[in-house]
Amino acid sequence: MRKLGRPIIRPGYKIRTPSEYCDFLNQYIFSLRYDEKGLNNFINEMIASCKQDIDDFSWLENDRLCYYSWLSIMLNQVKIDDDIIRINPCPPAMPPLATDLINTPLKLIPSSSDMRAKIVKEYIASLNNDDIRFIAINNIKSAWSIIEKIKVPFKFSIDDEQQINWTWNYILTKLKNKSPWQYDLYMNYIVPTSIAEKYHAIFIIHDYFYACNEDTHKVFCIDYKKALSQKKFREKEGVKSINVQLDIKIKEQLDQLLDHYQYSQQRLLEVLISEHYKSVQHKLDKSNFS
């Protein structure tokens, strides 16, 4: 386990020779106050990062990591100071400022993991040299290593349309109430165009806004599970299941309505039946008395 200690690295410390690199590294490790296990893990991570191939982008095949990398770049969280790049694992305390890092290809809002991966690759390729590219990739992965260890509360699959729509609406409302300025700013970038993209968007909101703080994440998980339990309880009360078969064209129309209104299939059918019933109720009442 990591033991917190007082950092002894001076701000603005300049490194010019190999021996100064060694001194810097030793001071840095000492300032972390690791126990033996933590120290071994840290050293193994350094060795692994040094073996990293800057031309190997297989790590972007992880949809969550790919989305996290892209959004971090878009929101100006990848900082470059001279020859040092760092990436913050959490959103900034203030809205990010305009930056010259956001060049033409980064202005596109992708609609798939493949498009996000392409933009991340183009961004890394645009950096000055291989050393900077190496540092950029390593720091993105280091920031992600914090997030990926956090247990997510979502149990649904990528094709569970009803649960995805409900969770998407819940998590957007949660974020908007928590931080309106973050919601207004970041929702310009998170624009899902399909159920699959909505699935990935749910995870990126979780990863980017809740997973980086243990207390915040704990509260979020408790609230989400509580809301989900209440939803399931309400669905069981006074509900009867029906099984119907629809014409293919009618099913396509139903899917379009679901996407337009952002309703679950059950909710949409209830609304449509209820509204139609009200429109013909007077006729039904008359027929009952005839």
Side-chain angles (χ1 to χ4, degrees), residues 62-75 77 90-91 95 108-117 119 144 147-148 150-213 216-236 239 251-272:
N62 181 326
D63 291 323
R64 283 178 64 193
L65 173 52
C66 182
Y67 212 142
Y68 183 83
S69 304
W70 172 81
L71 188 61
S72 296
I73 293 170
M74 290 298 296
L75 295 178
Q77 287 301 283
C90 301
L108 302 175
I109 303 300
S111 58
S112 69
S113 293
D114 288 342
M115 290 179 67
R116 280 186 286 273
I119 293 173
W144 173 248
I147 303 300
E148 68 174 344
I150 306 298
K151 187 176 181 179
V152 297
F154 313 123
K155 304 298 182 182
F156 47 83
S157 63
I158 196 170
D159 56 356
D160 189 345
E161 184 173 341
Q162 180 177 343
Q163 192 58 39
I164 289 172
N165 281 328
W166 181 86
T167 302
W168 174 249
N169 291 329
Y170 171 83
I171 205 170
L172 283 187
T173 301
K174 190 82 172 175
L175 178 60
K176 190 172 185 179
N177 292 336
K178 175 179 179 288
S179 182
W181 74 260
Q182 284 184 335
Y183 175 89
D184 293 337
L185 176 64
Y186 299 155
M187 287 307 106
N188 290 328
Y189 297 98
I190 305 174
V191 186
T193 57
S194 66
I195 290 298
E197 277 295 283
K198 197 175 290 185
Y199 173 88
H200 295 311
I202 288 170
F203 278 86
I204 191 58
I205 292 177
H206 165 272
D207 294 342
Y208 210 85
F209 301 105
Y210 296 104
C212 60
N213 182 283
T216 301
H217 184 259
K218 183 178 180 180
V219 172
F220 172 80
C221 290
I222 292 173
D223 290 347
Y224 174 77
K225 292 177 181 179
K226 182 178 178 180
L228 186 59
S229 296
Q230 291 174 343
K231 170 182 174 290
K232 291 179 179 179
F233 179 78
R234 287 193 300 268
E235 289 175 346
K236 289 181 179 179
V239 174
K251 180 59 170 65
E252 291 175 352
Q253 293 173 350
L254 175 60
D255 290 340
Q256 291 177 1
L257 289 172
L258 291 172
D259 185 63
H260 176 73
Y261 289 107
Q262 293 295 295
Y263 283 165
S264 67
Q265 183 170 295
Q266 175 184 331
R267 175 59 178 160
L268 180 61
L269 290 175
E270 289 174 345
V271 169
L272 292 176

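Model, not experiment: these values are computed from the prediction. In what follows, every heavy atom counts, from backbone to side chain, and hydrogens, waters and symmetry copies are set aside.
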Of the non-hydrogen atoms in His217 and Ala211, which two are nearest, and what is the gap between them? CD2-CA, 3.9 Å
Evaluation steps, side-chain contact (heavy atoms from CB on, under 4.5 Å), between Leu258 and Leu254: CA-CA 6 Å; Leu258 291 172; Leu254 175 60; 4.2 Å; yes
I need the Asp259 CG to Thr193 OG1 distance, nearest 0.5 Å. 9.5 Å
Closest heavy-atom pair, Ile164 versus Ile158, reported as atoms and distance to 0.1 Å, is CD1-O, 3.3 Å
So Asp159 and Ser157, side chain to side chain donor-acceptor pair (under 3.5 Å) or not? Walk me through it. CA-CA 5 Å; Asp159 56 356; Ser157 63; 2.4 Å; yes
Ile195 versus Asn165: any side-chain heavy-atom pair under 4.5 Å? yes
Is there side-chain contact between Lys155 and Leu228, with at least one heavy-atom pair below 4.5 Å? no
Are Lys231 and Gln163 close enough, and set up right, to give a side-chain contact (heavy atoms from CB on, under 4.5 Å), and what steps lead you there? CA-CA 11 Å; Lys231 170 182 174 290; Gln163 192 58 39; 3.6 Å; yes
From OH (Tyr224) to OG (Ser229), nearest 0.5 Å: 10.0 Å
In this structure, NZ of Lys198 is separated from CD1 of Ile190 (nearest 0.5 Å) by 13.5 Å
Indicate the ring-plane relationship of Tyr199 and Phe156, choosing parallel, tilted or perpendicular according to the 30° and 60° boundaries. perpendicular
Under the side-chain contact (heavy atoms from CB on, under 4.5 Å) rule, what do Ile73 and Trp70 come out as? Steps first, then yes or no, please. CA-CA 5 Å; Ile73 293 170; Trp70 172 81; 6.0 Å; no
When rounded to the nearest 0.5 Å, the distance separating OG of Ser113 from CZ of Arg64 is 12.5 Å
Distance, nearest 0.5 Å, that separates OH of Tyr261 from CZ of Arg267: 12.0 Å
Using a 4.5 Å cut-off on heavy atoms from C-beta on, say whether the side chain of Lys151 contacts that of Cys221. no
Give the intermediate values and the outcome of side-chain contact (heavy atoms from CB on, under 4.5 Å) for residues Phe209 and Thr216. CA-CA 9 Å; Phe209 301 105; Thr216 301; over 6 Å; no
Can you see which heavy atom on Trp168 is nearest to which on Ala201, and at what distance? CZ3-CB, 3.4 Å
Could you tell me how the ring of Phe154 sits relative to the ring of Phe220: parallel (under 30°), tilted (30 to 60°) or perpendicular (over 60°)? perpendicular
To the nearest 0.5 angstrom, please state how far the SG atom of Cys66 sits from the CD1 atom of Ile119. 9.0 Å
Is any side-chain heavy atom of Leu175 closer than 4.5 Å to a side-chain heavy atom of Tyr208? no
For Val191 and Asn188, the nearest pair of non-hydrogen atoms, with its separation, is CG2-O, 3.7 Å
